Amino acid sequence: MRNLLKNRFGALAVAVALTGAFATQAMAERNDAAAPKQGYVRLSENPQDCQQEDMCTDVSTGILCTVNYNPSGAQLFGKDEAGECTETLWRPIQ
């Protein structure tokens, strides 16, 4: 009986350790993905003509990032590798 109990406690300890490891890794990945990203407002049709504004996120929250987070404000964009303001950004959820 004791051997059976010892084996089950050992398996339970391994299962708890694995669950904790996976949960910690998932939280770390989620935090990296939700890092703030600088938002820029376009000043003209030229995607290189933009000005720094508010902080946004590139993780979709369902709400576009706008100046002062005002729903009727100008949409903000993130810069791509070419330095053009073309990336869609989202309003961070607090």
Side-chain angles (χ1 to χ4, degrees):
M1 179 72 170
R2 284 189 176 212
N3 283 339
L4 182 61
L5 211 63
K6 284 182 184 180
N7 288 341
R8 288 194 181 174
F9 279 133
L12 179 62
V14 169
V16 168
L18 286 173
T19 302
F22 284 116
T24 302
Q25 181 65 26
M27 287 183 348
E29 288 174 1
R30 191 174 328 135
N31 284 341
D32 289 342
K37 192 162 187 182
Q38 183 62 57
Y40 297 85
V41 64
R42 287 187 189 162
L43 301 175
S44 69
E45 292 297 317
N46 180 355
Q48 290 182 337
D49 186 21
C50 49
Q51 177 180 321
Q52 183 176 338
E53 283 293 331
D54 294 321
M55 296 303 289
C56 304
T57 182
D58 57 359
V59 176
S60 177
T61 60
I63 305 170
L64 289 174
C65 194
T66 56
V67 175
N68 295 325
Y69 305 131
N70 182 343
S72 61
Q75 181 178 349
L76 299 180
F77 296 89
K79 287 190 175 183
D80 61 14
E81 295 83 22
E84 297 182 342
C85 298
T86 58
E87 294 182 356
T88 300
L89 294 179
W90 305 93
R91 181 176 177 181
I93 301 298
Q94 321 239 330

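Since the structure is predicted, the reported quantities are computational estimates derived from the model, not experimental observations.
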Counting only pairs under 3.5 Å, give me each side-chain donor-acceptor contact of residues 59-67, with atom names and distances, residues two or more places apart or in other chains.
residue: Thr61; atom: OG1; partner: Arg91; partner atom: O; Å: 2.8
residue: Thr66; atom: OG1; partner: Asn70; partner atom: N; Å: 3.2
residue: Thr66; atom: OG1; partner: Asn70; partner atom: O; Å: 2.6

Hey, does Lys37 have a side-chain heavy atom less than 4.5 Å from the side chain of Met55?
no
In terms of heavy-atom contacts, Cys56 and Leu89 come closest through CB-CB, 3.7 Å
Note: with side-chain heavy atoms under 4.5 Å as the link, the other cluster members for Phe77 come out as none
Pairs of donor and acceptor atoms involving the side chains of residues 40-51, under 3.5 Å and at least two apart or interchain, shall be tabulated with distances.
residue: Arg42; atom: NE; partner: Cys85; partner atom: O; Å: 2.9
residue: Arg42; atom: NH2; partner: Cys85; partner atom: O; Å: 2.8
residue: Ser44; atom: OG; partner: Asn46; partner atom: N; Å: 3.2
residue: Ser44; atom: OG; partner: Asp49; partner atom: OD2; Å: 2.9
residue: Asn46; atom: OD1; partner: Gln48; partner atom: N; Å: 3.0

For this session: Evaluate side-chain contact (heavy atoms from CB on, under 4.5 Å) for Lys79 paired with Glu84, printing each intermediate quantity in order.
Result: CA-CA 5 Å; Lys79 287 190 175 183; Glu84 297 182 342; over 6 Å; no
